[in-house]
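Per chain, numbering begins at 1; letters A, B, ... match sequence-line order.
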Amino acid sequence: MQDFVQHLINGISLGSIYALIALGYTMVYGILKMINFAHSDVYMVGAFGAFYIARAFGIEANPGVGSLAILLISSMLVCSILGLLIERLAYRPLRNAPKLNILITAIGVSLFLEYGGQALFGANPRVFPEVMKDFVIFSFGNVELKSFDVTVLIVSVLAMLGLQYLIYKTKLGKAMRAVSANASVASLLGVNPDKIIAFTFIVGSALAGVGSVLVGMKYPKIDPLMGMMIGMKAFVAAVLGGIGNVRGAVLGALIMGLSEEMVVAYLSSTYRDALAFGILIAILIFKPAGLLGKYSVEKV
Amino acid sequence: MKRLVLSLLLVLPLLASCTKKENEIVIGEYDSLSGSDATFGLSSNKGVRLAFDEINAAGGIKGKKIELKTMDDQGKNEEAAAATTRLITQNKVVAIIGGVASGRSKAAAPIAQAKGVPFVSPASTNPDVTKIGDYVFRICFIDPFQGSVMAKFASENLKIKKVAILRDVKNDYSVGLADAFLTDFKKRGGEIVADVSYQAGDIDFKAQLTQIRSKNPEALYVPGYYTEVGLIAQQARQLGIKAPLMGGDGWDSDKLHEIGKEAINGNYYSNHYTVESTDPAVTEFIKKFKAKYNETPDALAALGYDAAKILAGAIERSADLSGKAIRDELAKTKDFPGVTGKISLNENRDAVKSAVVIQVDGPNRKYITTVTP
C-alpha cells in the first residue's frame with residue numbers, strides 16, 4: 001500500500017512534466033494542423049539556456065525560489081525566441097505548402113537542433129545547477145513527499161491555469177481560437193493570422209522552457225539528445241488526450257506518467273516505452289480523435 | 001565533356017587520398033566523438049592521440065611518423081562499420097584502433113578481420129568481440145570478470161548476503177556484468193532479492209527503486225553507465241535507500257560525481273586503473289595527460305593510451321607493415337607495463353590483468369582493493 005502511494009506520487013510528478021511539453025504540441029497542432037516535431041528540441045535548448053544563464057549569474061551559489069524564478073523566466077525567453085525563429089524561418093515560408101512538406105521540415109528542424117546542439121554544446125552530458133534544495137514536506141512510513149515533486153506540480157498547474165486563462169478569457173485567446181477555427185475568415189474579421197500563429201509558438205515554446213527547468217531541477221543531467229524520448233512521450237500524451245485539446249493534453253500526460261510508473265512497478269521496465277507507443281496505436285485504432293478530442297471542439 | 005569534368009572532379013580526391021606518403025605510417029581509429037555516449041569515445045581518443053604524439057616526438061616508428069586518422073561513429077553500429085571500411089580501403093591504414101562500445105566493435109571488427117587488418121579495441125569488454133577472428137584483440141578485461149570481481153568483493157569484503165540488481169537491458173555490457181554477478185554471487189551463497197531493469201536514456205527510476213526498497217537489499221548492483229547511475233544514486237537516496245551501490249567501469253567519469261552529487265559518495269565500482277596508484281607508469285601518464293588536456297584522465301583515456309602504445313610496439317617489432325606481420329607481433333604481447341596494469345594477451349587475444357575496486361569519495365576516488373583473476 002505504501003509503495004502504491006509512492007508510485008502514485010512519482011507518476012503524477014512525471015505526468016505533470018509531460019503535460020507541459022504536451023501542451024506545446026497540442027497548441028501548435030490546434031492552430032496550424034501540423035505536428036511541430038522540433039518542439040522537444042526547443043525544450044532541450046531551453047535547458048541549456050538555463051544552464052548557461054545559471055552559470056553566468058552564479059545562481060548555483062544561492063539556491064532558492066528566487067533562483068528558480070529567474071531561471072524559469074530566462075528559459076522561457078530563450079525558448080520563445082527560438083520558437084519564434086523556427087516559425088519565421090522554417091514554417092512560415094511553407095504556410096501554403098502541402099502538409100507533408102511542413103512535416104518533413106519539422107523533422108529536419110528537429111534533427112538540426114539535436115545535432116547542432118551536439119556541435120555547439122558538446123555531446124557530453126552537463127549537470128544542471130542546483131536551483132533549489134530538496135527536502136521532505138510530508139512523510140508517512142516509507143512514503144515521502146519531496147519539495148521537488150510539489151514544486152513541479154505547482155509550477156505545472158500554474159502554467160496550465162495561465163494558459164487556460166489566456167485562451168478563454170483574453171482577446172488574444174479569442175483571436176487564437178478564431179484562427180484555429182478558420183484562419184482566412186478570421187483574417188477577414190481583422191485578425192492577423194501570422195501574428196497569432198507566431199504568438200502561439202511563443203506561448204507553446206515558453207511552456208517547454210518551464211518544463212526544461214523543472215526537468216533539469218529534478219533530473220539534473222542535460223544533453224543535446226534529451227528531448228528525443230520525452231518529446232515522443234509528450235506527443236503520445238497529446239494524441240491520447242485528443243491533439244488540439246488543451247485539457248486533453250494534460251489528462252493524457254497524467255495518464256501516461258501514471259501508467260508508465262505502474263508498468264515499471266508491477267510488470268517490467270522493459271515494457272515502459274512499448275506501453276507508450278502501444279497506447280498511441282490503440283488510440284489511433286479505437287478513438288482516433290483522442291479521449292477528449294471531438295471534431296466540434298474548438299482547438300487552440 | 002561536362003560529364004567527364006564532373007567525374008574527374010569526383011575521382012580526384014579519391015586518388016589524392018590513395019597516394020601514400022612514404023615517410024608515414026597511417027593508423028586508423030574510429031570512436032564515438034558524438035552521440036549519447038560520446039564521453040567514452042572522446043576520452044579514449046585523447047589517450048590514443050597522446051600516445052602517438054609522444055611516439056612521434058621521440059622519432060616515430062621505424063623512423064616514420066605515425067599519421068592517425070580518426071573517424072566519428074556517432075555512437076552507431078553502422079557508422080562504425082562504414083568508418084572501418086573507409087579507413088581500410090581509402091586511407092590504407094595498417095591497423096585499426098577500435099572504439100569503446102562492444103556493440104560497435106562487433107559491427108566493425110568482422111570487416112577488419114576479412115581484410116586482414118589488425119584490430120585493437122581499447123575497451124570493448126563483451127566476451128564475443130575477440131571471437132570474431134584472429135586479427136581482433138583487446139587490451140581490457142572482459143565483462144564476466146568484472147561481474148565476478150564485484151560478487152567476490154560484495155561477499156568477502158562487504159560481507160553481505162542480499163543484493164538487488166538494476167540493469168540496463170538495452171546495453172550488452174550491463175546485461176553481461178549483471179549476469180556474471182548474479183551467477184557468481186549465488187555461488188557464494190548470496191541471494192538476489194530483485195533483478196529489475198531500466199533503459200539507457202531514462203531519467204526517472206523511482207518506480208524500480210520503490211520496488212527495490214520494499215525488498216530491503218543490503219546493496220544494489222547497478223552495472224550501467226555513469227550518465228544514468230548518477231541519477232539512480234540520487235533517486236535511491238531520495239527514496240531513503242541507504243544500501244551502497246556497486247557498479248563497473250561504466251561508472252568511471254568525472255561526470256559521475258557531478259551528476260550524482262553527495263548521493264554517489266561511498267559507493268563502489270570495479271575499474272581498470274586508479275589515479276591513486278603510485279606506479280611511475282601511472283603518475284607519469286597522469287602528468288602528461290593533465291599537461292596536454294588540462295583534465296584528469298579516466299580509465300577510458302588510460303586504455304586508449306595503452307592500446308595505442310601496444311599497437312605501436314607491435315608495429316615497431318614487426319618485420320614489415322603487412323597485416324599478418326603486425327598481427328603476429330600483437331599476439332606475442334607479454335607483460336606490457338601499461339597504465340592499466342601489466343598486460344599480457346592470452347590465446348583468445350584477451351588481456352589478462354587485474355581489476356581494482358574503487359570507492360567514490362567526492363570528486364576523488366578512494367582505492368579499496370585489487371582483485372586478480
Side-chain angles (χ1 to χ4, degrees), chain A residues 2-11 13-14 17 114-115 117-119 122-130 134-136 139 141-144 146 148-149 215-216 218-226 228-230 233 257-258 260-274, chain B residues 31-43 72 74-75 166-170 195-216 225-232 234-235 237-241 253-263 295:
Chain A
Q2 284 189 357
D3 280 347
F4 183 76
V5 177
Q6 183 79 59
H7 288 312
L8 223 52
I9 294 175
N10 299 345
S13 170
L14 187 63
I17 287 173
E114 277 163 18
Y115 291 94
Q118 286 209 342
N124 265 338
R126 301 299 183 90
V127 183
F128 204 77
E130 197 173 11
D134 198 13
F135 54 89
V136 182
S139 77
N142 246 342
V143 183
E144 278 183 349
K146 298 287 216 135
F148 275 10
D149 294 321
V215 170
K218 206 159 170 263
Y219 311 105
K221 182 196 78 175
I222 59 172
D223 64 86
L225 303 182
M226 67 190 275
M228 275 181 174
M229 210 43 179
I230 208 165
K233 300 270 177 70
L258 278 169
E260 265 191 34
E261 188 76 16
M262 295 304 168
V263 162
V264 177
Y266 297 107
L267 288 171
S268 161
S269 71
T270 323
Y271 302 129
R272 185 181 213 152
D273 298 343
Chain B
D31 245 320
S32 43
L33 305 179
S34 61
S36 54
D37 46 359
T39 18
F40 294 134
L42 291 167
S43 271
D72 179 12
Q74 300 161 26
L166 183 55
R167 60 170 89 193
D168 175 0
V169 276
K170 248 190 194 169
D195 185 356
V196 290
S197 57
Y198 66 92
Q199 290 185 25
D202 284 358
I203 50 175
D204 188 282
F205 309 91
K206 289 246 172 92
Q208 290 96 319
L209 291 166
T210 306
Q211 200 187 346
I212 287 175
R213 188 177 67 182
S214 64
K215 303 273 173 42
N216 289 318
Y225 289 161
Y226 67 90
T227 39
E228 280 85 26
V229 169
L231 292 179
I232 290 175
Q234 275 202 343
Q235 291 174 24
R237 298 296 179 250
Q238 278 166 16
L239 285 171
I241 299 176
S253 167
D254 281 347
K255 297 265 170 196
L256 177 75
H257 176 256
E258 282 181 47
I259 298 172
K261 304 219 169 63
E262 310 89 69
E295 59 183 286

In Å and rounded to the nearest 0.5 Å, what is the [atom1] to [atom2] distance from [X] to [Y]?
X: B:Leu231; Y: A:Lys221; atom1: CG; atom2: NZ; result: 5.5 Å
X: A:Lys146; Y: B:Leu239; atom1: NZ; atom2: CG; result: 8.0 Å
X: A:Leu14; Y: B:Ile203; atom1: CG; atom2: CD1; result: 7.5 Å
X: B:Gln235; Y: A:Lys218; atom1: CD; atom2: NZ; result: 7.0 Å

Looking at every non-hydrogen atom in both residues, tell me the closest pair between A:Val264 and B:Gln211 and how far apart they are. O-OE1, 3.5 Å

Nearest atoms (heavy-atom pairs only) where B:Ala207 meets A:His7: O-CE1, 3.4 Å

What part of B:Gln208 gets closer than 4.5 Å to chain A, counting heavy atoms only: side chain, backbone, both or neither?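 Both parts, heavy atoms under 4.5 Å.
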
Could you tell me which of [options] has the largest number of non-hydrogen atom pairs under 4.5 Å with chain A?
options: B:Gln74, B:Arg213, B:Lys255; value: B:Arg213
options: B:Val196, B:Thr210, B:Ile259; value: B:Thr210
options: B:Leu209, B:Thr227, B:Asp204; value: B:Asp204
options: B:Lys170, B:Gln238, B:Lys261; value: B:Gln238

Under the rule for ring pair (Phe, Tyr, Trp, His ring centres under 6.0 Å), what residues qualify as partners of A:Tyr219, not counting sequence neighbours? none

Applying ring pair (Phe, Tyr, Trp, His ring centres under 6.0 Å), name anything that partners B:Phe40, two or more places apart in sequence or on another chain.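 Expected list: B:Tyr225, B:Tyr226.
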
Is [X] in contact with chain B via its backbone, its side chain, both, or neither, using a 4.5 Å heavy-atom distance?
X: A:Phe128; result: backbone
X: A:Glu261; result: both
X: A:Val263; result: neither

Begin from the C-alpha positions of B:Lys206 and A:Ile9 and carry the test side-chain contact (heavy atoms from CB on, under 4.5 Å) through to its verdict. CA-CA 10 Å; B:Lys206 289 246 172 92; A:Ile9 294 175; over 6 Å; no

Please indicate whether B:Glu262 has more than 12 foreign heavy atoms, meaning atoms of other residues, nucleotides or ligands, lying under 6.0 Å from its CD.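 Result for CD/B:Glu262: open.
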
Counting heavy atoms not belonging to A:Tyr271, are there more than 12 under 6.0 Å from its OH? no

